[in-house]
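Below you'll find the structure, written out as structure tokens, and then a few comments.
These numbers were taken from a predicted model, which means no experiment stands behind them.
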Amino acid sequence: MLEKLNEFSESHGELQPGKGLVTGTIALTLGILCFLGVLAFHFPQYLTTPELRRSYNVDVMRYILLTAMVIAGGLSLVNVIFNRARWLSAFAFLLIAAAALLGGHKVPVDSNFPDHTPYIGLDWFILDLLGSSLIFIFIEKLFAYRKEQPVFRDEWQTDLHHFIVNHMIVGFVLLATNLLVHKLFGWAANDGIRGWVASLPFWAGLLLIILVADLVQYWTHRGYHEVPLLWRLHAVHHSVKSMDWMAGSRQHILELLITRTLVLAPIYVLGFSKEVIDAYIVVVGFQAVFNHCNVNVRLGPLRYIIVTPNFHHWHHSQDDEAIDKNYAAHYAFLDYLFGTAVKSTKLWPEHYGVVGDYVPNGFFKQLKFPFVWKG
């Protein structure tokens, strides 16, 4: 069973319906999240994020966990009974059984511990994967651009691996970037400027923080394309050949660390308020996923002002007119201002990925790629 699971997780093909693989994968994913959720209930001081656990409604969390366990258990049991991908569903059922034996949704939660306890942030990963998949798959089905593209398309396993790794270590990445920002850019902080920025009205502060962050991201992103050494890292992100909600997760961890450090630096130096920073995190989190989605969204004249999925799809295209274009992450007008916006008579690009398709598929191969590529 473990050998088959390992082979399945490292395969790269589209999942064909009717064989139990789709429902088995859903059951297995939910089973893993349920098992991790029960562990988070047992050890909240080590496995949950302090900022999040203060606002949790424990009863709601228990209901979500119970619902996920019932769905995963039901799907896996039906597949086992009807001999559909039994090896996959049996493993999912075992995970649900283990979660139930550990107390399931009834695990008592001990909140009597200090907030400064070292933690992993497992709850953020669980909620992020569950919430992102439910929200963005629904949006993709409602407004699909490529209607024939399945949820479990080619290379989805690779992008899921990137999602898991990049989101599981997000706490470490944020800690590392905060340390780097304070060490490298602390000298630039000015109390007068910080006070003025912090006193801005909420919406003015939000528009400004997005502009500041996007200016940094624009030139950083452009550097990844124009500096050969940096392209080695960024080529991993561009190797995705199908655009959907998971495509944006394909990103080398070093690129993630570099970009976040450079973006956080001016945000720290300028001293934006906590409310504005929290709102910016929500905006950037949504756009980072939505703009990679398989959705037919252009937003009319607004597409010249803000980045839409159509705008960012062009950035991922192999089409000649799209190479090294559309760098902005939030404000599309930056590309028009700096002369890097795509000019095409076509509404949408035809092909995605790196020209020449020289980036290998598979998470670990892509992790090594920047250091072994001979190009």
Side-chain angles (χ1 to χ4, degrees), residues 5 9 25-73 91-137 157 159-179 245-246 248-251 253 256-257 260 278 281-282 284-286 288-289 363 367:
L5 279 171
S9 70
T25 300
I26 294 171
L28 178 62
T29 303
L30 287 175
I32 293 171
L33 293 181
C34 288
F35 183 77
L36 295 177
V38 171
L39 291 181
F41 270 110
H42 275 288
F43 307 104
Q45 66 271 42
Y46 303 115
L47 300 180
T48 63
T49 310
E51 291 79 6
L52 292 177
R53 64 181 175 234
R54 295 191 193 102
S55 58
Y56 283 151
N57 183 315
V58 177
D59 291 333
V60 172
M61 294 295 106
R62 292 187 191 281
Y63 178 76
I64 293 173
L65 178 59
L66 176 61
T67 302
M69 289 178 66
V70 170
I71 293 173
F91 195 80
F93 191 80
L94 287 175
L95 282 171
I96 294 299
L101 289 173
L102 287 172
H105 70 293
K106 296 182 177 179
V107 175
V109 178
D110 180 16
S111 58
N112 187 26
F113 52 83
D115 269 354
H116 60 266
T117 304
Y119 67 93
I120 294 176
L122 191 60
D123 56 334
W124 168 250
F125 165 72
I126 296 170
L127 294 173
D128 197 16
L129 178 56
L130 189 61
S132 295
S133 58
L134 290 175
I135 293 169
F136 290 106
I137 289 175
Q157 293 98 327
D159 294 325
L160 181 60
H161 284 153
H162 279 284
F163 184 100
I164 292 170
V165 172
N166 290 343
H167 288 71
M168 279 289 284
I169 64 173
V170 69
F172 165 76
V173 170
L174 288 175
L175 177 62
T177 52
N178 280 332
L179 289 174
W245 70 279
M246 272 203 303
S249 297
R250 185 181 296 200
Q251 189 174 18
I253 190 61
L256 184 66
L257 185 61
R260 290 201 176 184
D278 289 343
I281 290 172
V282 173
V284 71
F286 177 81
V289 180
F363 173 77
L367 199 63

Taking all heavy atoms of H167 and all of W124, pick out the closest pair and write down the distance.
-> O-CD1, 4.2 Å

Tell me, with the steps shown, if C34 and I96 meet side chain to side chain contact (heavy atoms under 4.5 Å, CB included).
-> CA-CA 7 Å; C34 288; I96 294 299; 4.1 Å; yes

Do the side chains of L122 and Y46 get nearer than 4.5 Å, heavy atoms only?
-> no

Quick one: does R62's side chain have a donor or acceptor within less than 3.5 Å of a partner on V107's backbone?
-> yes

Spatial distance of atom CG (L65) from atom CG (L36) [nearest 0.5 Å] = 11.0 Å

Is H42 reaching over with its side chain to a backbone N or O of L102, donor-acceptor style, under 3.5 angstrom?
-> yes

Point-to-point distance, once rounded to the nearest 0.5 Å, from NE2 of H105 to CZ of F41 = 9.5 Å

State the CD1-CG distance between I32 and L28, to the nearest 0.5 angstrom.
-> 4.0 Å

Are side-chain heavy atoms of L66 and V70 found at a separation under 4.5 Å?
-> yes

Atom CG in L47, atom CD1 in I126: separation rounded to 0.5 Å?
-> 8.5 Å

Donor-acceptor under 3.5 Å (D123 side chain, R53 main chain) = no

In sequence, state the C-alpha distance, the side-chain angles, and the governing distance for Y56 and V109, and then conclude on side chain to side chain contact (heavy atoms under 4.5 Å, CB included).
-> CA-CA 12 Å; Y56 283 151; V109 178; over 6 Å; no

Please state whether the rings of F286 and F136 are parallel, tilted or perpendicular, taking 30° and 60° as the class boundaries.
-> tilted

Between the main-chain N or O of L130 and the side-chain N or O of S133, is there a donor-acceptor pair closer than 3.5 Å?
-> yes

Considering all heavy atoms, the nearest Q251-L256 contact = OE1-CD1, 3.6 Å

Report the C-alpha separation of T67 and I71 in whole Å, then their side-chain angles, then the decisive distance to 0.1 Å, and conclude whether the side chain to side chain contact (heavy atoms under 4.5 Å, CB included) test is met.
-> CA-CA 6 Å; T67 302; I71 293 173; 3.9 Å; yes

is_close_aromatic(F363, H162), centroid dist under 6.0 Å | yes

Going by the angle between their ring planes, with limits at 30° and 60°, are F163 and F125 parallel, tilted or perpendicular?
-> tilted

Does one side chain, of S249 or D159, offer a donor that lies under 3.5 Å from an acceptor on the other?
-> no

Atom pair CG (L129) and CD1 (I164), whose distance is rounded to the nearest 0.5 Å = 7.0 Å

Roughly how far, to the nearest 0.5 Å, is CG of L367 from NE2 of H161?
-> 12.5 Å

